[in-house]
Amino acid sequence: MGIAELTRNAVHVLPEGALEDKLEAGRPLRVKLGIDVTAPDITLGNGIPLQRMAAFQREGHVGVLIVGDYTTRIGDPSGRSASRPILSDAEIDRNAQRFVEQASTIIDPDRTEVRFNGEWLAKLDFAEILRLTRTTTVAQILERDDFAKRQRAREPISVSELLYPLMQAYDSVAVEADVELGGTDQLYNLLAGREVMQAYGLEPQVALTVEYLVSWDGEGMSASRGNYIGLKEAPEEQFGKAMRIPDELLPQWYRLVMESEDTLASDPLQAKLALARWVVTRAHGADAAQLAEAHFTRVVREGRAPEEVSEVELPPGDPVHLPAALAEWFGLSTSEARRLIAQGGVRVDGGLVGELDVPRTSLGGALIQAGKRRFVRVAST
RNA sequence: GCAGGGGUUCCCGAGUGGCCAAAGGGGGCGGGCUGUAAACCCGCUGGCUCAGCCUUCGGAGGUUCGAAUCCUCCCCCCUGCACCA
């Protein structure tokens, strides 16, 4: 146990020796992790630092989960950055609600404080904000790698974005964090938190960053990029997406996600199946994992229809104009549906479709397939 | 404020009067193959009951038989200068 487990998969634990000192004090440490509310899902990527939080909790420490509702509400006023859409209050609240539920697949909810940063940020008046801004300099903030890159690339940086690290740092002041967790991309923000805490007369937090989980597209997993597995996503989705990662990423996923020391089985398919099973099991339990795997085997590997297929109604008219019907059933545009048919991607009861207009009688009760894994059953007349 | 450079289809990015629904790449989708929703190969990728029609190139007008491409005004971004409590 002890420190090795707490810092598993860590990249930075700064400053050196500080964590040890805090642990020696013997009191429960407050371990902070902030999460954005821009997307409704917490991802397997967020799971990596959450797993560290869980490790601290097992040692008797307290997790402090910060929901960035206020930071999200403010958004990015440049209006240019699509990566930070401004959400409505209702959406933010709904997302925040789901967060705790999702995070609880990893952390111990009984040893977790959930705090919304609007709780303190909303109360700051201008004078206090100025006090906060005096703790740092523009040069320091621009040092941060992504700002530096955008400067070089001559991309816009709004002033409010420069304030983000300070807001996050202030969170640490508000909750009196002992340790702040984050991906390696967060290193700057975590260190900024130290300086600001010090300026506010608090003992600065320890910055603990963990490796960033790389997704199937080779990019860091993030909700805004869409390349993620949600911690509470449907079992079949989780399973399929896990099977989607390239073989080369398996060792990293084993280490970061499963925290497994296993040298991988020589058979990458088996290794990946085991990973997929593991992910679904943690989120939904072993039974769900088994069902998800059965679904995967049946639909993806064997190319058969799933056991459960949702039922749809036939549109009026005879013959039935298939592009319009498919568009309706599968949420496509009729043009997409046409292409799908033209490319041999549509089957009715297993038979390839060539015609755009099909007699009504041939569709009643039929199994319609669009592509490899989209199925629908037409209600029998 | 002044000067210069920019805003193109989901993203990046070509395109400077007709051959442009717009190159190329990414992503996505479909097909093939397979050990997987890996890898690889091929195709498709604005909409529409589709050999045709309709709507797109920051916005609004205009020139022209014809505009993403030319003109006018406006909005936004970048760089430099000026300003700098």
Side-chain angles (χ1 to χ4, degrees), chain A residues 76-83 85 126 130 133 138 147 149-159 161 214-219 222 224-229 233-254 264-280 292-304 306 315-328 330-347 352-359 368-375:
Chain A
D76 174 5
S78 75
R80 190 195 137 89
S81 165
S83 61
F126 215 93
L130 288 179
T133 59
V138 172
F147 284 142
K149 271 186 196 142
R150 281 161 69 184
Q151 274 261 281
R152 258 181 271 122
R154 308 194 156 178
E155 280 162 14
I157 300 171
S158 74
V159 174
E161 285 180 273
V214 173
S215 188
W216 51 79
D217 57 357
E219 301 285 335
S222 92
S224 54
R225 253 195 291 266
N227 60 354
Y228 68 92
I229 297 177
E233 209 173 350
E236 301 81 41
E237 283 299 303
Q238 290 188 324
F239 199 97
K241 285 178 175 179
M243 292 305 288
R244 206 180 166 180
I245 67 165
D247 291 353
E248 308 83 74
L249 252 32
L250 271 172
Q252 196 205 16
W253 280 54
Y254 262 64
L264 295 183
S266 54
D267 180 352
L269 176 59
Q270 289 311 318
K272 213 178 286 182
L273 285 168
L275 168 71
R277 234 176 272 134
W278 191 93
V279 168
V280 179
E293 180 165 13
H295 179 270
F296 184 82
T297 304
R298 186 182 169 102
V299 177
V300 178
R301 301 188 67 188
E302 296 171 1
R304 293 154 60 210
D318 192 9
V320 173
H321 189 61
L322 220 41
L326 291 169
E328 170 76 26
F330 296 106
L332 310 167
S333 71
T334 61
S335 295
E336 282 175 313
R338 275 171 180 275
R339 283 180 226 127
L340 207 54
I341 294 169
Q343 294 183 117
V346 177
R347 289 168 187 273
L352 263 180
V353 169
E355 303 293 304
L356 295 185
D357 294 286
V358 178
I368 313 287
Q369 178 175 9
K372 281 195 174 91
R373 49 198 168 94
R374 280 177 295 192
F375 294 85

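Numbered from 1 within each chain, the chains take letters A, B, ... in sequence-line order.
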Would you classify Gly371(A) as touching base, sugar-phosphate or nothing, given that sugar-phosphate means primed atoms plus P, OP1 and OP2, and contacts are heavy atoms under 4.0 Å? sugar-phosphate
Is there a Watson-Crick or G-U wobble partner for [N] with both distances under 3.5 Å, and which nucleotide is it?
{"N": "rC33(B)", "result": "none"}
{"N": "rA38(B)", "result": "none"}
{"N": "rG28(B)", "result": "rC44(B)"}
{"N": "rC81(B)", "result": "rG1(B)"}
{"N": "rC73(B)", "result": "rG59(B)"}
{"N": "rG66(B)", "result": "none"}

Can you work out whether Lys241(A) or Leu340(A) has the more 5'-proximal nearest nucleotide on RNA chain B?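 Taking each residue's closest nucleotide, the earlier one in sequence belongs to Leu340(A).
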Please tell me which of Gly240(A) and Arg347(A) maps to the more 5' nucleotide of RNA chain B, matching each residue to the nucleotide holding its nearest heavy atom.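 First, find each residue's nearest nucleotide; the 5'-ward one identifies Arg347(A).
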For side-chain contact (heavy atoms from CB on, under 4.5 Å), just list the numbers for Val214(A) and Gln252(A), CA-CA rounded to whole Å, side-chain angles, deciding distance to a tenth of an Å, and then say yes or no. CA-CA 8 Å; Val214(A) 173; Gln252(A) 196 205 16; 3.6 Å; yes
Nearest-Å distance once atom [atom1] is located in both [N] and [M]:
{"N": "rG43(B)", "M": "rC33(B)", "atom1": "C1'", "result": "15 Å"}
{"N": "rA22(B)", "M": "rC44(B)", "atom1": "P", "result": "12 Å"}
{"N": "rU34(B)", "M": "rG15(B)", "atom1": "P", "result": "43 Å"}
{"N": "rC2(B)", "M": "rG66(B)", "atom1": "P", "result": "35 Å"}
{"N": "rG17(B)", "M": "rG6(B)", "atom1": "P", "result": "16 Å"}
{"N": "rC57(B)", "M": "rA21(B)", "atom1": "C1'", "result": "10 Å"}
{"N": "rA67(B)", "M": "rU8(B)", "atom1": "C1'", "result": "14 Å"}
{"N": "rU63(B)", "M": "rC73(B)", "atom1": "C1'", "result": "15 Å"}

Can you tabulate the close N/O pairs, meaning under 3.5 Å, that link protein atoms to atoms of nucleotides 49-52 of chain B?
unit_1, atom_1, unit_2, atom_2, d
rU49(B), OP2, Thr334(A), OG1, 3.2
rU49(B), O4', His321(A), NE2, 3.2
rC50(B), N3, Arg338(A), NE, 3.0
rC50(B), N4, Thr334(A), OG1, 3.4
rC50(B), N4, Ser335(A), OG, 3.1
rC50(B), N4, Arg338(A), NE, 3.2

Identify the heavy atoms of Ile341(A) and Leu356(A) that sit nearest to each other, and give their distance. CD1-CD2, 4.0 Å
Separation of [X] atom [atom1] from [N] atom [atom2], in whole Å?
{"X": "Leu322(A)", "N": "rC48(B)", "atom1": "CG", "atom2": "C1'", "answer": "16 Å"}
{"X": "Asp267(A)", "N": "rU34(B)", "atom1": "CG", "atom2": "P", "answer": "17 Å"}
{"X": "Asp217(A)", "N": "rC12(B)", "atom1": "CG", "atom2": "P", "answer": "16 Å"}
{"X": "Glu219(A)", "N": "rC11(B)", "atom1": "CD", "atom2": "C1'", "answer": "12 Å"}
{"X": "Glu236(A)", "N": "rU36(B)", "atom1": "CD", "atom2": "P", "answer": "19 Å"}
{"X": "Ile341(A)", "N": "rC48(B)", "atom1": "CD1", "atom2": "P", "answer": "12 Å"}
{"X": "Lys372(A)", "N": "rU34(B)", "atom1": "NZ", "atom2": "P", "answer": "12 Å"}
{"X": "Phe296(A)", "N": "rG35(B)", "atom1": "CZ", "atom2": "P", "answer": "14 Å"}

For Arg339(A), which residues count as a salt bridge (charged side-chain N to carboxylate O under 4.0 Å, His left out) partner, sequence neighbours excluded?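 Counting only residues at least two positions away or on another chain, Arg339(A) forms no salt bridge (charged side-chain N to carboxylate O under 4.0 Å, His left out).
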Tell me, please, which residues at least two apart from Arg374(A) pass side-chain hydrogen bond (donor to acceptor under 3.5 Å, both in side chains). none
Non-neighbouring partners of Phe296(A) that pass ring pair (Phe, Tyr, Trp, His ring centres under 6.0 Å), sequence neighbours left out: Phe239(A)
Under the salt bridge (charged side-chain N to carboxylate O under 4.0 Å, His left out) rule, what pairs show up with a residue in residues 234-245 of chain A, not counting sequence neighbours? Glu233(A)-Lys241(A)
Compare all side-chain heavy atoms of Val353(A) with those of Arg347(A) and state whether any distance is below 4.5 angstrom. no
Does any N or O in the side chain of [X] come within less than 3.5 Å of the main-chain N or O of [Y], such that one atom is a donor and the other an acceptor?
{"X": "Lys372(A)", "Y": "Val300(A)", "answer": "no"}
{"X": "Tyr254(A)", "Y": "Ala271(A)", "answer": "yes"}
{"X": "Gln343(A)", "Y": "Leu340(A)", "answer": "no"}

So, OP1 or OP2 of rU34(B): does either fall under 4.0 Å of a side-chain N or O from Arg301(A)?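 Checking rU34(B) against Arg301(A), no side-chain N or O comes under 4.0 Å of OP1 or OP2.
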Just wondering, more than 12 heavy atoms not from Glu328(A) lying within 6.0 Å of its CD? no
Can you give me the N/O atom pairs linking the protein to nucleotides 38-45 of chain B at distances under 3.5 Å, or say none if there are none?
unit_1, atom_1, unit_2, atom_2, d
rA38(B), O4', Lys272(A), NZ, 3.3
rG43(B), N2, Gln343(A), OE1, 3.0
rG43(B), N3, Gln343(A), OE1, 3.4
rC44(B), O4', Gln343(A), OE1, 3.1

